[in-house]
S.K.: 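Starting off with a structure, shown below.
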Amino acid sequence: MKALVIGATGATGKDLVNQLLNDKDFEEVDIFVRKPVDIQNDRLHVHVVNFEKPEEWKGMVKGDVAFSCLGTTLKDAGSKEAQRKVDFDYQYEFAKAARENDVEDYILVSAYGASPDSRIFYSKMKGELEEAVKQLHFNKITIFKPGMLERKNSERTGEVLGSRIIRFVNKLGLLESQKPLPTDILAKAMINSSKIKSNGYSSIKLGNIFCFAEKSND
């Protein structure tokens with residue numbers, strides 16, 4: 001299979017690309033990034049692109065399965081408008097290009113609590129992206145909704161503290177659905193889902209991840 005990845009330089013993306021390159025079922029792995037990456041592998045193709053100009057790169061989004069795990073924080077983005085550009089616009093354009101190029105399997109990392117009706121900016125944005133991608137009618141769409149992610153060697157103070165608090169609460173038998181999830185486990189689940197041949201609509205629960213696979217006959 002040939003895999004396409006957006007968000008390859010993030011914590012989940014790095015784990016995903018590493019696992020894909022070590023999986024014999026994937027002969028090619030194409031990643032779309034804003035800056036060059038220091039990864040050397042004969043099966044890896046790095047496309048350095050300007051996400052602001054999809055017309056320049058959309059023709060390269062061709063393969064068997066597309067993985068979308070791109071994302072940023074409000075702090076890193078600097079504003080809600082800038083965050084939406086990364087978390088919604090770039091991802092939607094990638095999904096749209098994949099659909100136009102007949103990619104059948106699309107796997108999206110969303111977020112726990114995502115809903116287009118949410119009053120929370122982040123949750124609303126993620127929910128709107130889910131709905132927009134569904135409307136593209138891929139043959140198979142898989143959406144992962146993890147709670148807090150546990151990144152290796154994270155330097156985000158709030159994230160580290162939050163993870164410790166939730167793990168403590170988990171020991172009390174509370175908030176089990178939001179148990180911190182290591183990014184390498186999420187990456188493994190994404191790859192496993194790409195190997196599942198499903199029809200119609202199904203839902204799979206894996207730890208604190210909720211996965212929804214939808215097949216459209218349109």
Side-chain angles (χ1 to χ4, degrees), residues 1-21 23 25-72 76-77 79-111 114 116 125-144 187 190-191 193-195 212-218:
M1 289 192 289
K2 179 179 180 180
L4 310 166
V5 181
I6 186 176
T9 59
T12 300
K14 288 179 180 178
D15 285 329
L16 175 64
V17 171
N18 182 60
Q19 291 181 31
L20 286 169
L21 293 175
D23 191 317
D25 289 332
F26 291 89
E27 294 87 11
E28 296 180 71
V29 179
D30 282 23
I31 64 174
F32 296 79
V33 294
R34 287 174 283 188
K35 298 178 181 179
V37 296
D38 187 22
I39 306 176
Q40 300 297 323
N41 190 290
D42 292 339
R43 290 186 292 154
L44 178 68
H45 303 107
V46 181
H47 303 287
V48 179
V49 303
N50 181 351
F51 287 111
E52 298 281 352
K53 300 179 179 180
E55 67 277 2
E56 296 180 352
W57 50 264
K58 64 181 183 179
M60 297 184 288
V61 187
K62 296 179 179 179
D64 299 297
V65 54
F67 297 91
S68 179
C69 46
L70 182 64
T72 187
D76 289 341
S79 68
K80 290 182 178 180
E81 292 74 16
Q83 185 180 22
R84 184 178 176 84
K85 183 173 291 186
V86 174
D87 278 54
F88 184 95
D89 296 349
Y90 293 172
Q91 293 196 72
Y92 179 71
E93 289 298 334
F94 179 71
K96 184 179 177 183
R99 183 66 185 88
E100 290 176 351
N101 291 325
D102 298 320
V103 175
E104 293 192 353
D105 193 350
Y106 198 83
I107 298 173
L108 171 69
V109 176
S110 184
M125 175 177 61
K126 288 296 187 181
E128 290 176 345
L129 177 62
E130 289 181 16
E131 294 304 313
V133 171
K134 287 180 181 179
Q135 290 305 309
L136 292 174
H137 300 299
F138 283 90
N139 186 57
K140 178 186 173 188
I141 300 175
T142 310
I143 300 176
F144 285 89
M190 293 169 70
I191 292 175
S193 72
S194 74
K195 300 179 182 183
F212 300 93
E214 181 176 6
K215 178 181 176 68
S216 173
N217 295 317
D218 292 350

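Everything quoted here is computed from the prediction, not taken from an experiment. The first residue in the sequence is number 1, and the count goes up from there.
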S.K.: I need the minimum non-hydrogen distance between Leu20 and Ala3, along with the two atoms involved.
M.R.: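 Minimum heavy-atom contact is CD1-CB, 4.0 Å.
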S.K.: Looking only at non-hydrogen atoms, find the nearest pair between Ser193 and Lys140 and report the distance.
M.R.: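 Looking at all heavy atoms of both residues, the closest pair is O-NZ, 2.5 Å.
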S.K.: Say you draw a straight line from NE2 of His47 to CD1 of Ile31; how long is it, rounded to the nearest 0.5 Å?
M.R.: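 If I round to the nearest 0.5 Å, the distance is 8.5 Å.
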S.K.: Might you work through the side-chain contact (heavy atoms from CB on, under 4.5 Å) test for Ile39 and Val46, ending with a clear yes or no?
M.R.: CA-CA 9 Å; Ile39 306 176; Val46 181; 5.8 Å; no
S.K.: Is the number of heavy atoms from other residues, nucleotides or ligands within 6.0 Å of CG (Asn50) greater than 12?
M.R.: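 Correct, the count exceeds 12.
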S.K.: For the residue pair Met60 and Val49, establish whether any side-chain heavy-atom pair is separated by less than 4.5 Å.
M.R.: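 Side-chain contact under 4.5 Å: yes.
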S.K.: When rounded to the nearest 0.5 angstrom, what distance separates NZ in Lys53 from CD in Glu93?
M.R.: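 Spacing of NZ (Lys53) from CD (Glu93) equals 14.5 Å.
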S.K.: Of all the heavy-atom pairs spanning Lys134 and Ile141, show the shortest one and how long it is.
M.R.: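 Residues Lys134 and Ile141, closest heavy atoms: CA-CD1, 3.6 Å.
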S.K.: Return the CG to NE2 distance between Asn139 and His137, rounded to the nearest 0.5 Å.
M.R.: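 One finds 12.5 Å between CG of Asn139 and NE2 of His137.
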S.K.: Before giving the answer on side-chain contact (heavy atoms from CB on, under 4.5 Å), spell out for Glu128 and Glu131 the whole-Å C-alpha distance, their side-chain angles and the decisive distance to 0.1 Å.
M.R.: CA-CA 5 Å; Glu128 290 176 345; Glu131 294 304 313; 5.9 Å; no
S.K.: In Å and rounded to the nearest 0.5 Å, what is the OG to CE distance from Ser68 to Met190?
M.R.: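 Reported to 0.5 Å precision, the distance equals 8.0 Å.
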S.K.: Have a look at Phe51 and tell me which of Phe32, Trp57, Tyr92 forms a ring-ring contact (aromatic ring centres under 6.0 Å, His included) with it.
M.R.: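 Single pass found, and it is Trp57.
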S.K.: Does atom CD of Glu104 have more than 12 heavy-atom neighbours, drawn from other residues, nucleotides or ligands, at distances under 6.0 Å?
M.R.: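 Open.
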S.K.: Contact between Phe67 and Ser194 at the side-chain level, heavy atoms closer than 4.5 Å - yes or no?
M.R.: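 When only atoms from C-beta onward are counted, Ser194 and Phe67 do touch, with a gap below 4.5 Å.
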S.K.: Report the relative orientation of the aromatic rings in Phe94 and Tyr106; use parallel for angles under 30°, tilted for 30 to 60°, perpendicular for over 60°.
M.R.: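 Tilted, since the angle between the ring planes falls between 30° and 60°.
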S.K.: For the CG atom of Asp87 and the CG atom of Leu70, what is their distance to the nearest 0.5 Å?
M.R.: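 It comes to 6.5 Å.
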S.K.: Tell me if a side-chain donor or acceptor on Asn101 pairs with a main-chain N or O of Lys62 at a distance below 3.5 Å.
M.R.: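 Side chain of Asn101 to backbone of Lys62: no pair is present.
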S.K.: Can you check side-chain contact (heavy atoms from CB on, under 4.5 Å) on Gln135 and Arg99, steps first, answer last?
M.R.: CA-CA 11 Å; Gln135 290 305 309; Arg99 183 66 185 88; over 6 Å; no
S.K.: If you define the side chain from C-beta out and look only at heavy atoms, does anything of Leu129 sit under 4.5 Å from Ser110?
M.R.: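 A side-chain contact under 4.5 Å is absent here.
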S.K.: Would you say Glu55 has more than 12 foreign heavy atoms packed within less than 6.0 Å of its CD?
M.R.: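 Yes.
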S.K.: How far apart are the closest heavy atoms of Ala66 and Val103, and which atoms are they?
M.R.: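 That closest heavy-atom pairing would be N-CG1, 3.9 Å.
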S.K.: Provide the closest heavy-atom pair for Tyr90 versus Glu52 in the form atom of the first, atom of the second, distance.
M.R.: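 Of all heavy-atom pairs spanning Tyr90 and Glu52, the closest is OH-OE2, 2.8 Å.
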S.K.: Using side-chain contact (heavy atoms from CB on, under 4.5 Å), reason through Met1 and Asp105 one step at a time and then give a plain yes or no.
M.R.: CA-CA 11 Å; Met1 289 192 289; Asp105 193 350; over 6 Å; no
S.K.: Which pairs with one or both residues in residues 25-36 pass salt bridge (charged side-chain N to carboxylate O under 4.0 Å, His left out), sequence neighbours excluded?
M.R.: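 Found Lys2-Asp30, Asp25-Lys195.
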S.K.: Can you name the closest pair of heavy atoms from Gln19 and Ile191 and give their distance?
M.R.: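 Taking every non-hydrogen atom into account, CB-CD1, 3.5 Å.
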